[in-house]
K.L.:
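A single structure is presented below for examination.
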Protein chains: 2
Amino acid sequence: MTIYDVAKECGVSIATVSRVLNGSGRVSSKTKEKVLAVMKKQNYQPNPFARGLGLDSMKMIGVICTDVSDAFYAKAVSLIEEYSRQIDWNVLLTCTGHGKEEKYKFVEFLLNKHIDALIIIGTPFVHKKDLYHFEKLGSRIPIIMINSYMELPNVYGIICDEAAAVQDAVDKLQQQGCNSIAYFYDSLTYSGRQKLTGYRAGIKKYHLNAKCELEYKVEKSFEQMNTLIKKLLAEKVFFDALVTSEDILAIAAQKILLQENRTMPIIGCNNSILAQCSTPALSSIDNRLDILCKAAIEVLTKLMNNETVPTKMLFTANLVERESFQAK
Amino acid sequence: MTIYDVAKECGVSIATVSRVLNGSGRVSSKTKEKVLAVMKKQNYQPNPFARGLGLDSMKMIGVICTDVSDAFYAKAVSLIEEYSRQIDWNVLLTCTGHGKEEKYKFVEFLLNKHIDALIIIGTPFVHKKDLYHFEKLGSRIPIIMINSYMELPNVYGIICDEAAAVQDAVDKLQQQGCNSIAYFYDSLTYSGRQKLTGYRAGIKKYHLNAKCELEYKVEKSFEQMNTLIKKLLAEKVFFDALVTSEDILAIAAQKILLQENRTMPIIGCNNSILAQCSTPALSSIDNRLDILCKAAIEVLTKLMNNETVPTKMLFTANLVERESFQAK
DNA sequence: CTGAAAGCGCTAACAG
DNA sequence: CTGTTAGCGCTTTCAG
C-alpha cells in the first residue's frame with residue numbers, strides 16, 4: 001500500500017494525498033475526507049524511509065548514557081521515552097558502558113541513523129577530543145545534556161543544582177550537631193563535581209579553616225563501599241554523619257553500621273527505589289529527573305519550532321527526609 | 001557528501017561505489033581500494049533513509065516493555081541494546097506503561113518506523129485482540145518474546161523456567177523444616193503464572209491434600225506490601241517462610257519482620273540489585289536475563305540468515321542463596 | 001569488472 | 001484547489 005494506491009483509489013494525484021498526509025497546502029474538505037477515508041480503510045502507513053528521504057527526518061531522537069541498567073539512567077530514559085512519544089518522536093537508545101575506549105563512536109552509531117537531536121544523560125564523555133566532536137555535531141543537530149554541560153553552540157544543559165542541595169544537607173547535619181561529616185563519592189562527572197563542591201562549601205561554612213579530610217572516593221559498588229567502611233572503622237576514623245554521591249554507597253554504609261550497632265544520620269543521592277527499601281529508610285537528595293527530562297523535551301520542541309531557549313537551565317533539588325536523617 | 005561525490009572523486013560510477021559499500025558483486029581490488037580510501041578520507045556515511053528505501057531496512061530492532069524504569073526491564077533493555085549494537089543494529093525503545101488502554105498502539109508506534117524485528121520483554125500484552133495483531137505482524141517480521149510466549153507463526157519465546165525454580169525453592173524450604181510457606185505475587189503475566197504454578201507444585205508435593213491458602217496477590221509496591229504484611233501479622237496469620245514473585249515484595253516484608261524481630265527464610269525473584277542491598281541480604285531467584293537476552297539476539301541473527309531456530313527455548317533459573325535463606 | 005538507468009515512496013516546487 | 005514532475009540518495013538489474 002503506497003501513496004500511489006491511495007491516490008488511485010481516490011481518483012486524485014499523489015500530491016493531493018501527500019498534502020492531506022502532511023496538512024500542508026489547501027485541500028478541499030471534500031477530497032480531504034475522501035482521502036482520509038481511504039487511508040483509514042486501507043490502513044495506509046506512509047513509508048518512513050521514503051518520507052525520511054524527502055524530509056531528511058524520521059522523527060527520531062538519540063538518547064545516550066553510560067548504562068541503562070543503572071536505576072538513575074533507567075528512570076531518565078523512561079521519562080524521556082514517554083515524553084518523546086507524546087509528541088510522536090521515537091527514541092533510539094545507546095549505552096556506552098564504563099569502558100575506556102573512544103566514546104564518540106557510540107554517538108556516531110546513533111548519528112548513522114540521522115537522528116534529529118541528541119540527548120545525553122549524565123557524563124559519558126570526558127575526553128577533550130569529544131568536545132571537538134560535539135562542536136561539529138552541534139552545527140547539525142541540537143544536543144541536550146541532562147545533568148551535564150559543555151559550553152558549545154547548540155548545546156543545551158538541563159541541570160539540577162546538586163551543589164546547593166548537598167551543601168544544604170551538610171548545613172542541616174551540622175545544625176543537628178554533627179561535626180565530622182564524611183563524604184563518599186564515586187566519580188567526578190559533571191554532577192559528581194557539583195556535589196563535591198557543595199560538600200566542601202558546606203563544611204567550610206562552619207569551620208572556616210577546615211580541610212575536607214573526610215572525603216573518600218570509592219567505586220560505585222556495594223562491595224567496594226562495604227570494604228571501605230569496614231576499613232575506616234577498623235582504623236577508628238571518626239565520623240558522626242555521612243553523605244554519599246549515590247544511594248547505593250549510603251546503603252552499603254548503613255548496612256555495616258547497623259551490624260556494628262552504630263547509627264548516625266546518612267544521606268544519599270538520587271532518591272532511587274533503594275532509598276525506601278533500605279533499613280532505616282534512607283534520606284536522599286532527589287535530583288528531579290522528572291522535571292529535568294520534561295524540560296529537555298520542551299527545549300527540543302521549542303528548538304524545532306525555532307523558538308529561543310536558554311542554553312542552560314538550573315533546577316532546585318529536593319532533600320527527601322526519611323528515617324536515616326534523624327538517626328542518632 | 002553523497003555516493004555521487006565519492007563516485008566522481010574516484011572516477012567511477014555510483015554503482016561501483018554502491019558495490020564496495022555493500023560488498024555485493026565483484027569489484028577489482030584496485031578500484032575497491034581507491035573507493036575505500038576516498039570514503040575514509042571524506043568520512044562518507046551513506047544516507048540511512050535512502051539506503052532504507054532501497055533495502056527496505058534500516059537495521060533497527062524495536063524493543064517494547066511496560067516500564068524501563070523497573071530494574072528488571074532496565075537490565076533486559078541494557079543487555080539487548082548491547083548485543084544488538086555488537087551486530088550493528090540499533091534499538092528503538094518504547095514503553096507501554098501500566099495503563100489499561102489498547103496496548104497495540106505502542107507496537108504500531110514502533111512499526112511506523114519499519115523496524116526489522118520486535119523484541120517484547122515480559123508481558124505487556126494481555127488482551128485477546130493483541131493475539132490477532134501479532135499474528136498479522138508475524139507475517140512481516142519476527143517477534144521475539146523474552147519471558148513470555150504466544151503460539152503464533154514467526155513468534156519465538158525465550159523463557160526462563162521459573163516454575164521449576166520456585167518449586168525448587170519451596171522444596172528446599174520444606175526440607176529445612178518450613179511448613180507454612182507463604183507466596184506473594186503481583187501479577188499474572190506469563191512469568192507470574194509460571195511462578196505461581198511452581199509454588200503450588202512445590203506445596204502439593206509435600207502436603208498431598210494441601211490447599212494453597214497462603215497465596216497473596218499484592219500490588220508491586222513497597223507500600224502496598226508493607227500494608228499487607230502488617231495486616232497479616234495483626235490477624236495472626238501464621239507463616240514460617242516466604243517466597244515472593246519480586247524482590248521488592250520480599251524486601252518490604254523483610255523490613256516489617258525485622259522491626260517485629262521476627263526472622264524467617266525469605267526468597268525473592270529477579271535477583272535485582274535490591275537483593276544484595278537488603279538486610280539481611282536477600283536470597284533471590286535469578287532468571288538469567290543475561291542468557292535470555294543473548295539468546296534473543298542469536299535467534300534474531302539466525303533468522304536474518306534464514307537459519308532454522310526453535311520456536312521456544314527454555315533456560316534454567318538459578319537460586320542465589322544469601323543471608324535471608326538460612327534466617328531462623 | 002563496470003556503467004547506465006530504472007526504481008524505492010514520498011515531498012515540494014511549479015504550473016495550471 | 002489540484003496535478004505534473006523533478007528530486008531525495010541509494011540499490012540493483014541489465015548491458016556491455
Side-chain angles (χ1 to χ4, degrees), chain A residues 1-40 42-60 88 90 111-116 140-141 304, chain B residues 1-40 42-60 88 90 111-116 140-141 304:
Chain A
M1 172 72 19
T2 76
I3 201 173
Y4 289 93
D5 302 316
V6 176
K8 189 179 293 174
E9 184 162 345
C10 293
V12 299
S13 75
I14 61 164
T16 301
V17 178
S18 176
R19 282 191 194 97
V20 341
L21 205 54
N22 297 288
S24 61
R26 320 251 97 244
V27 181
S28 84
S29 59
K30 206 162 117 192
T31 54
K32 184 171 180 176
E33 300 210 340
K34 188 175 9 165
V35 172
L36 286 174
V38 171
M39 279 180 177
K40 181 159 206 173
Q42 302 285 1
N43 187 30
Y44 165 70
Q45 299 295 139
N47 180 307
F49 305 146
R51 213 160 189 211
L53 193 55
L55 296 172
D56 198 34
S57 158
M58 252 177 73
K59 299 229 255 183
M60 298 193 303
D88 204 34
N90 283 86
L111 252 36
N112 283 345
K113 252 66 183 187
H114 257 67
I115 49 174
D116 299 281
R140 285 223 303 107
I141 59 174
M304 301 299 168
Chain B
M1 172 70 23
T2 75
I3 201 172
Y4 288 93
D5 302 316
V6 176
K8 189 179 291 173
E9 185 163 344
C10 294
V12 298
S13 75
I14 60 164
T16 301
V17 177
S18 176
R19 282 191 193 98
V20 343
L21 205 54
N22 297 287
S24 60
R26 318 253 96 245
V27 181
S28 82
S29 60
K30 204 163 120 191
T31 52
K32 186 171 179 177
E33 298 208 343
K34 187 174 16 170
V35 172
L36 286 174
V38 171
M39 280 179 174
K40 181 157 206 174
Q42 301 286 1
N43 188 28
Y44 164 69
Q45 300 294 140
N47 182 308
F49 305 147
R51 211 154 191 219
L53 194 55
L55 297 173
D56 197 34
S57 160
M58 252 178 73
K59 300 229 255 182
M60 298 193 301
D88 204 34
N90 282 85
L111 253 35
N112 283 345
K113 252 66 182 185
H114 257 60
I115 49 173
D116 298 281
R140 285 220 306 104
I141 59 175
M304 301 300 169

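Lettering follows sequence order; numbering is per chain, from 1.
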K.L.:
Can you give one letter per nucleotide of nucleotides 8-14 of chain C, 5' to 3': B if a protein heavy atom sits under 4.0 Å from the base, S if only from the sugar-phosphate, - if neither?
P.N.:
BBBBBBB
K.L.:
Tell me, please, which residues at least two apart from A:Asn47 pass side chain to side chain donor-acceptor pair (under 3.5 Å).
P.N.:
none
K.L.:
Grab the NZ-C1' distance between B:Lys34 and C:dT2 for me, whole Å please.
P.N.:
12 Å
K.L.:
So, using side chain to side chain contact (heavy atoms under 4.5 Å, CB included) as the criterion, who are the partners of A:Leu111 when residues are at least two apart?
P.N.:
A:Tyr104, A:Val107, A:Ile115, A:Leu137, A:Arg140, A:Ile141
K.L.:
Test of understanding: with side chain to side chain donor-acceptor pair (under 3.5 Å), list the residues that count as partners of A:Asp56, not counting sequence neighbours.
P.N.:
none
K.L.:
Should A:Thr16 be listed as having a side-chain N or O under 4.0 Å from OP1 or OP2 of D:dT2?
P.N.:
no
K.L.:
Checking B:Lys59 now: which residues fulfil side chain to side chain donor-acceptor pair (under 3.5 Å) with it, not counting sequence neighbours?
P.N.:
none
K.L.:
Among pairs that include at least one residue of residues 15-37 of chain B, which meet salt bridge (charged side-chain N to carboxylate O under 4.0 Å, His left out), considering only residues two or more places apart or in two chains?
P.N.:
none
